[in-house]
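Scroll down for the structure; my scribbles are underneath it.
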Amino acid sequence: MNHTAQQHQGSRFWITAQRTVLAAALATALGGCAWFGSSKAPKPADLGPNVVNLPVRQAWQLSIPAVKDANIRAQVQGDNVVVASADGTVVSVNAANGRENWRAQAGKGLQTGVGADGRMAAVVTTGNELVMLDAGSKLWSKTLSASAFTAPLVAGGRVFVLTADRAVSAFDAQNGAHLWTQRRDGEPLVLRQQGVLMPYGNTLLAGLSGRLVAFNPDNGNVQWEAPLASPRGTNDVERLVDLVGPAARVGNVICARAFQSSVGCVDANAGRTGWAQTAKGAVGIAADAEYVFGAESNGIVQAWNMADGEKRWSVDRFQHRKLTAPLVLGRAVVTADESGLVHLLSKKDGSHLNRLTTDSTGVAVAPVVAADTLVVVTRGGGIYGFRPD
């Protein structure tokens with residue numbers, strides 16, 4: 001099984017099947033406080049001139065229909081990147097040369113990003129249909145028990161789905177046959193954004209109510225649970241602590257963010273939480289052998305020690321820019337913002353390395369890397385490939 005690793009600063013919420021959809025949007029303000037309504041967003045500070053300390057050039061550019069929803073994400077498979085658009089378009093791109101491998105249509109608009117294994121790709125539509133594509137052709141579709149906001153995971157001849165009724169299900173990738181479902185009660189709200197669903201060896205990992213839960217992928221039996229945050233507060237919104245993707249894997253350590261609550265790491269061999277630190281962010285994290293990196297809801301970028309969670313550095317020059325989840329790339333940490341800028345920081349101290357430009361529609365998903373190429377997808381449907389100069 002193969003591992004993968006998104007954002008919505010104004011996350012809406014889904015109430016489980018016994019209740020209805022919460023109509024209001026939750027916005028995140030300074031300090032992670034939630035507010036409903038109105039006032040004008042603070043203006044980001046001017047970044048000044050771009051002093052290039054790490055030369056990077058644009059290698060290629062493609063277009064797909066507008067992405068729109070930040071829940072749509074890019075999926076890396078070897079040298080290829082698979083991108084799903086809000087209208088149901090799914091495209092596989094060779095990151096080495098920027099050429100399309102194939103393009104398919106799910107038939108309806110999408111509410112998740114895409115999961116892929118190199119040949120097959122899976123998405124979930126706004127009609128709660130799980131759709132499987134095989135090298136660009138529609139293979140089968142199946143109606144789910146509830147909405148899904150986390151991209152499916154395709155691995156080991158199966159497709160795994162995390163739905164909004166806090167159920168994890170497995171289906172046969174070839175014919176859609178239902179294999180198993182594990183459902184559990186939890187807090188009544190779940191995030192309407194990418195959660196955590198990823199493999200670790202022959203174990204399936206899922207984020208459920210602030211806990212990283214390990215399942216046997218053959219039968220759905222729970223193997224262990226490790227808490228990264230506990231529900232607190234006096235109402236359902238304050239108690240929401242779902243894990244948000246992308247999560248990061250370094251060896252046997254899995255690190256993840258609990259929405260507006262904490263960042264922490266789990267020893268996946270032992271099924272034990274190593275550390276968790278308070279952090280007020282709404283997007284996933286990245287990590288390498290030394291550090292864990294995250295962007296807080298106010299735009300402050302932070303780094304923690306991988307070993308013990310001690311805070312190493314933070315930079316505040318990106319405040320109010322609505323950053324994507326970061327990506328570790330060589331000596332850089334990469335994040336992008338709603339204006340379409342891509343920021344490269346030194347992973348040692350957060351200092352400026354470079355600033356890249358896409359289009360003005362804003363970056364929709366966390367940047368990814370494939371074939372030594374940094375791939376960035378904008379809300380307008382632009383796909384950009386950048387390489388070191």
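As the structure is a prediction and not an experimental result, all values here were calculated from the model. FYI, the numbering just counts along the sequence from 1.
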Task: Main-chain N/O of V123 paired with T112 side-chain donor or acceptor, under 3.5 Å - done: no
TODO: Output yes when K108 and E129 qualify as a salt bridge under the 4.0 Å nitrogen-oxygen rule, no when they do not.
DONE: yes
- [ ] Would you mind telling me which of T324, V377, L323, L341 makes a side chain to side chain contact (heavy atoms under 4.5 Å, CB included) with V363?
- [x] T324
TODO: Using a strict cut-off of less than 4.0 Å between a Lys/Arg side-chain nitrogen and an Asp/Glu carboxylate oxygen, indicate whether K142 and D172 qualify as a salt bridge.
DONE: no
TODO: Look at the aromatic rings of F293 and W313 and report parallel, tilted or perpendicular, splitting at 30° and 60°.
DONE: tilted
Task: Spacing of CG belonging to L179 relative to CZ belonging to F171, to within rounding of 0.5 Å - done: 8.0 Å
Task: Short side-chain to backbone donor-acceptor contact, D134 and S137, under 3.5 Å - done: no
- [ ] Indicate the atoms forming the closest heavy-atom contact of V315 with D349, along with that distance.
- [x] CG1-O, 4.2 Å
Open item on the list: Could you check whether any side-chain heavy atom of P388 comes within less than 4.5 Å of a side-chain heavy atom of L54, counting everything from C-beta outward?
Closed with: no
- [ ] Check the surroundings of atom CG in D372: do more than 12 heavy atoms from other residues, nucleotides or ligands lie under 6.0 Å from it?
- [x] no
Open item on the list: Does E225 form a salt bridge (charged side-chain N to carboxylate O under 4.0 Å, His left out) with R211? I'd like the steps, not just the answer.
Closed with: CA-CA 6 Å; E225 301 185 20; R211 308 173 78 85; 2.9 Å; yes
Task: Within 6.0 angstrom of R272 CZ, more than 12 heavy atoms from elsewhere - done: no
Task: Minimum heavy-atom distance between E290 and K348, given as atom pair plus value - done: OE1-NZ, 2.9 Å
Task: Pairwise side-chain contact, F215 with V168, heavy-atom cut-off 4.5 Å (strictly under) - done: yes
- [ ] Answer yes or no: is there a donor N or O on one side and an acceptor on the other, between the side chain of Q75 and the main chain of L153, under 3.5 Å?
- [x] no
Task: N50 (side chain) donor-acceptor with R355 (main chain) under 3.5 angstrom - done: yes
Open item on the list: Looking at S314 and Q302, would you say the former's side chain and the latter's main chain have a donor-acceptor pair under 3.5 Å?
Closed with: no
- [ ] Could you check D218 against R158 for salt bridge (charged side-chain N to carboxylate O under 4.0 Å, His left out), going step by step and ending with a plain yes or no?
- [x] CA-CA 9 Å; D218 296 328; R158 291 158 290 189; 2.7 Å; yes
Open item on the list: Is there a side-chain contact between W140 and V131 in this structure, where contact means two heavy atoms from C-beta onward sitting under 4.5 Å apart?
Closed with: no
Open item on the list: With a 3.5 Å distance limit and no angle check, can you tell me whether K322 reaches the backbone of D337 through a side-chain donor-acceptor pair?
Closed with: no
Open item on the list: Quick check against the 3.5 Å criterion: does S346 have a side-chain atom that pairs as donor or acceptor with the backbone of S351?
Closed with: no
Open item on the list: Tell me whether R99 at atom CZ has more than 12 heavy atoms from other residues, nucleotides or ligands lying less than 6.0 Å away.
Closed with: no
- [ ] Taking all non-hydrogen atoms of both residues into account, name the closest pair between S85 and L110 and its distance.
- [x] O-CD1, 3.4 Å
Task: Over all atoms of both residues, closest heavy-atom pair of M306 and D288 - done: CE-O, 3.3 Å
- [ ] Can you spot which of L344, T335, L327 makes a side chain to side chain contact (heavy atoms under 4.5 Å, CB included) with P367?
- [x] L327
Task: hydrophobic_cluster_shared for I300 and V263, side chain cutoff 4.5 Å - done: no
TODO: Please report the closest heavy-atom contact between A146 and A164, naming both atoms and the distance.
DONE: CB-N, 4.3 Å
TODO: Determine yes or no for a side-chain-to-main-chain donor-acceptor pair under 3.5 angstrom, with R321 supplying the side chain and E338 the backbone.
DONE: no
